[in-house]
Each structure stands twice: as structure tokens, then as C-alpha cells.
Amino acid sequence: MQRVTVVGAGSWGTTIASLVSANAPTRLWCRRPEVAGEINARATNEQYLPGFALAPPLEAGSDLAAAVTGAGIVAMAVPSHVFRGVLEELVPHLGPGVPVISLSKGLEQGSHRRMSEIVEELAPGHPVGVLTGPNLAREVLAGSPAAAVLAMSDVAAAERLVPIFALEHFRVYVGHDVVGCELGGALKNVVALAVGMAEGLGLADNSRAALITRGLAELTRLGVAMGGEPATFAGLAGLGDLLATCLSPQSRNHHVGVQLGRGRTLGEITAAMQQVAEGVKTARVVLELAAEHGLEMPITSELCAVLDGGRDPGEAYRNLLGRSLRPEPEPLG
């Protein structure tokens with residue numbers, strides 16, 4: 001049976017590694033040796049998943065070369081801003097034709113690249129895909145029913161990999177729209193920050209529902225302009241992931257947004273966090289991409305002004321309410 005290596009021991013990487021270990025021999029690469037030692041000795045990762053027991057077959061290590069050598073599948077679960085550096089380090093140890101699956105939901109700053117594009121650049125010849133959806137690590141690890149999409153341009157290859165990732169309570173659907181699935185996972189984090197700010201400001205449920213809906217229209221416009229399929233953004237990788245991230249207090253992006261709405265600075269919020277809220281870094285990239293494609297992204301624009309420290313969250317929402325009305329639904333062309 002193919003061995004799976006999951007690279008990155010944050011909450012989601014650890015969760016996927018624990019799940020997959022029920023289907024195949026699995027190793028989890030941890031940046032810090034003490035985390036690997038804890039997983040091997042006690043089957044726990046208290047920093048990222050306090051109170052949860054991991055599957056006993058799971059092995060962990062902090063030597064990246066050793067973790068990747070001999071793997072039949074590699075799943076990348078590191079944050080987008082370190083994705084390239086970690087991938088560069090592990091590529092020499094990849095076996096021929098080993099699939100690389102991205103679990104990361106972000107865009108590279110500067111290049112604006114999706115994670116799968118970085119894999120194609122640094123590891124040509126390796127099948128690449130993305131596993132994404134409305135998945136909250138603690139709920140999935142606790143056994144709450146959930147669903148995800150495994151998207152690869154080669155659908156037959158994705159179908160062969162589904163049994164590795166799927167469990168009875170974790171349904172994995174096959175998709176072919178890698179671009180749309182990846183962009184849905186990255187762009188929804190930006191909307192979640194804005195929805196979290198609305199909650200922090202004390203706005204009611206109908207206000208947040210309107211913001212989620214307009215945010216979906218905004219991310220769909222950009223996603224389609226960049227090559228994604230419209231239907232993808234109405235599915236698990238789009239609307240599904242957007243709802244989970246916007247509404248759950250477990251979402252890091254939601255948390256950051258709420259704290260911003262309550263008047264805390266971005267520096268104060270992130271300094272107290274152990275993991276990365278991808279939307280903070282992605283928001284500026286999204287605004288730059290919107291400019292490249294000649295699109296208006298009002299929610300993202302106001303959010304970036306708040307993140308940059310130049311605008312009060314309340315003022316940002318007043319600016320959105322003062323915009324001229326647009327047709328509903330909006331044309332995508």
C-alpha cells in the first residue's frame with residue numbers, strides 16, 4: 001500500500017494525517033521536533049488540537065527528507081507564505097510521478113500564484129491536485145460528517161486517490177476544476193474576515209447574510225475571470241467553504257475579523273494566535289488580481305483599508321452601504 005506523507009502539522013494537516021492513517025501508512029512532517037515527539041509518544045498535538053486523540057498508526061518526524069523519501073503520495077498542508085520554500089526543500093526527495101496534493105488555501109504574494117501552480121513550476125511531471133471544502137479540523141477529527149472535493153485535471157487520477165482520503169464520515173467528491181476549487185478556498189478567507197468584522201461590530205444576522213451573498217458574487221467574478229467554472233463557486237469549494245468559514249467561531253479568519261470589528265489592531269490579534277489566518281495575506285493579493293482583470297471588489301477593497309490600519313471597521317461598512325446599487329444577480333461576463 002502506498003505510504004502517504006502529510007507536510008505540515010497544524011490543525012488541518014494533523015487532522016488529515018490522522019484520518020488517512022486509517023487507510024494507508026502515514027507520516028506527518030512537523031517543523032518542530034517536540035511536536036513530532038509528542039505525536040509519537042502520546043498520539044496528541046496539544047498546541048493545535050488540544051483535547052483530541054490522534055490515530056495510533058500515525059507516525060511523525062521533523063526530518064523532511066526522511067518523511068518524503070519513499071512516499072507514494074505527498075499532501076502539502078503548510079501555509080501559503082512558506083509553501084514554496086518547503087516544496088523546494090522536499091522536491092529532490094520525491095519519487096518519480098508521486099502525486100502532490102495541496103491542502104493549503106491561499107495565494108502566493110508577489111507572483112499571485114496558486115499553490116498547484118507552484119507545484120507545477122517546482123515539480124514538473126508530478127500529478128497535482130487540491131483537496132478543499134467546508135472542513136473545520138476539530139469537527140472532522142471528532143467524527144462529524146463532512147465533505148470535500150479532490151480536484152485534479154486528470155479525473156481518473158483523482159478517482160484512484162479518493163479511497164486514500166475518504167472515510168465513512170468524510171466524503172470526498174472528485175472534481176476537475178482545479179483553478180476554481182483552489183480559488184474558492186483562497187478567496188473565501190477574505191470574505192470571512194469581512195463577515196467576522198460585521199459580527200464584531202454587532203451587526204445582525206441579516207446584515208451578515210447579505211455580506212456573505214455579496215461576497216460570494218465578488219469572489220465568483222474574480223474566480224471566473226481567472227479561469228474557474230461558475231458552478232464550482234456554488235459547490236463545496238465555493239459556497240460550502242464560504243459558509244463554514246464565515247459562520248464558525250472555529251475559523252481563524254472569522255476570529256480575526258471579529259476582533260478587528262471590536263477595535264483590536266491586526267498586530268495585537270495575530271500576535272496572540274498560534275496559526276495563520278490566510279485571508280490576511282490573501283486580501284492584498286486579491287485586490288491586485290482584481291486590478292489586473294479590471295474588476296471592482298468593494299468588500300475586499302474596504303477590508304484591505306482596515307487591515308492596512310487606515311480605516312475604521314465601522315467606516316468601511318458605511319462606505320459599502322453608500323455604494324450605488326448593482327443588478328442582482330450580476331452578470332459574470
Side-chain angles (χ1 to χ4, degrees), residues 1-64 66-68 70-79 82 86 90 101-105 131-150 161-173 185 236 240-241 244-245 247-255 272-278:
M1 185 178 293
Q2 297 184 91
R3 178 165 60 78
V4 179
T5 293
V6 178
V7 179
S11 58
W12 187 231
T14 302
T15 296
I16 286 294
S18 185
L19 295 182
V20 169
S21 68
N23 296 329
T26 305
R27 286 184 186 168
L28 176 62
W29 175 76
C30 311
R31 180 176 56 85
R32 294 187 289 118
E34 60 270 25
V35 174
E38 178 193 343
I39 292 171
N40 290 329
R42 298 194 293 276
T44 60
N45 185 345
E46 286 295 325
Q47 179 175 353
Y48 297 116
L49 292 165
F52 283 90
L54 307 177
L58 178 61
E59 298 178 2
S62 57
D63 184 326
L64 186 58
V68 172
I73 303 167
V74 171
M76 296 286 293
V78 295
V82 300
V86 174
L90 70 81
I101 307 300
S102 172
L103 309 181
S104 305
K105 297 179 178 180
L131 182 69
T132 186
N135 306 134
L136 299 163
R138 289 173 175 79
E139 293 185 3
V140 174
L141 193 57
S144 178
V149 180
L150 178 59
L161 293 181
V162 162
I164 296 292
F165 292 99
L167 291 173
E168 183 178 2
H169 78 283
F170 188 62
R171 294 178 59 83
V172 179
Y173 294 83
L236 289 169
D241 203 0
T245 310
L247 299 178
S248 174
Q250 296 182 50
S251 161
R252 295 188 293 273
N253 293 284
H254 174 273
H255 168 76
M273 295 177 65
Q274 294 181 335
Q275 297 194 73
V276 174
E278 286 279 11

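Predicted, not measured: the structure shown is a model, and the values here were computed from it. Counting from 1, the numbers follow the sequence of the chain as shown. Computed from heavy atoms alone, side chains included, the values below leave out hydrogens, waters and symmetry copies.
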How many angstroms lie between atom [atom1] of [X] and atom [atom2] of [Y], to the nearest 0.5 angstrom?
| X | Y | atom1 | atom2 | result |
| --- | --- | --- | --- | --- |
| Leu161 | Ile101 | CG | CD1 | 5.5 Å |
| Thr132 | Asp241 | OG1 | CG | 5.0 Å |
| Asn45 | Ser18 | CG | OG | 10.5 Å |
| Leu131 | Phe170 | CG | CZ | 5.0 Å |
| Thr14 | Phe52 | OG1 | CZ | 12.0 Å |
| Arg27 | Leu58 | CZ | CG | 11.0 Å |

Does a side-chain heavy-atom distance below 4.5 Å link [X] with [Y]?
| X | Y | result |
| --- | --- | --- |
| Glu278 | Pro79 | yes |
| Thr245 | Lys105 | no |
| Leu49 | Arg138 | yes |

(Q) Surrounding CD of Glu168 (heavy atoms of other residues, nucleotides or ligands, distance under 6.0 Å), is the total greater than 12? (A)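 It does not: Glu168 CD has 12 such atoms or fewer within range.
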(Q) Let's go through Arg31 and Val82 carefully: what are the C-alpha distance in whole Å and the side-chain angles of both, what is the deciding distance for side chain to side chain contact (heavy atoms under 4.5 Å, CB included) to 0.1 Å, and is it a yes or a no? (A) CA-CA 12 Å; Arg31 180 176 56 85; Val82 300; over 6 Å; no
Ignoring hydrogens, what is the shortest heavy-atom contact between [X] and [Y]? Give both atom names and the distance.
| X | Y | result |
| --- | --- | --- |
| Val74 | Val7 | CG1-CG2, 4.0 Å |
| Pro134 | Gly240 | CB-O, 3.2 Å |
| Ala71 | Thr5 | CB-OG1, 3.4 Å |
| Gly8 | Ala77 | O-CB, 3.9 Å |
| Gly13 | Val6 | O-CG1, 3.5 Å |
| Ala9 | Tyr48 | O-CD1, 3.2 Å |

Q) Which one of Asn135, Leu103, Thr26 satisfies the side-chain contact (heavy atoms from CB on, under 4.5 Å) criterion with Ile16? A)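 For Ile16, the side-chain contact (heavy atoms from CB on, under 4.5 Å) check succeeds only for Leu103.
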**Q.** Residue of the set Thr15, Leu19, Thr44, Leu141 for which side-chain contact (heavy atoms from CB on, under 4.5 Å) holds with Leu54
**A.**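 In the set Thr15, Leu19, Thr44, Leu141, the residue that makes a side-chain contact (heavy atoms from CB on, under 4.5 Å) with Leu54 is Leu141.
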**Q.** Side-chain (His169) to main-chain (Val140) donor-acceptor, under 3.5 angstrom
**A.**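 Between the backbone of Val140 and the side chain of His169 there is a qualifying donor-acceptor contact (under 3.5 Å).
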Q.
Taking Pro163's backbone N and O only, do any of them form a donor-acceptor pair with Asn23's side chain (distance below 3.5 Å, no angle check)?
A.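 The answer is yes, because a donor-acceptor pair under 3.5 Å joins these two groups.
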**Q.** Sequence-distant partners of Arg252, side-chain contact (heavy atoms from CB on, under 4.5 Å), two or more places apart
**A.**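 Arg252 satisfies side-chain contact (heavy atoms from CB on, under 4.5 Å) with Ser11, Met273, Gln275, Ala277 once adjacent residues are dropped.
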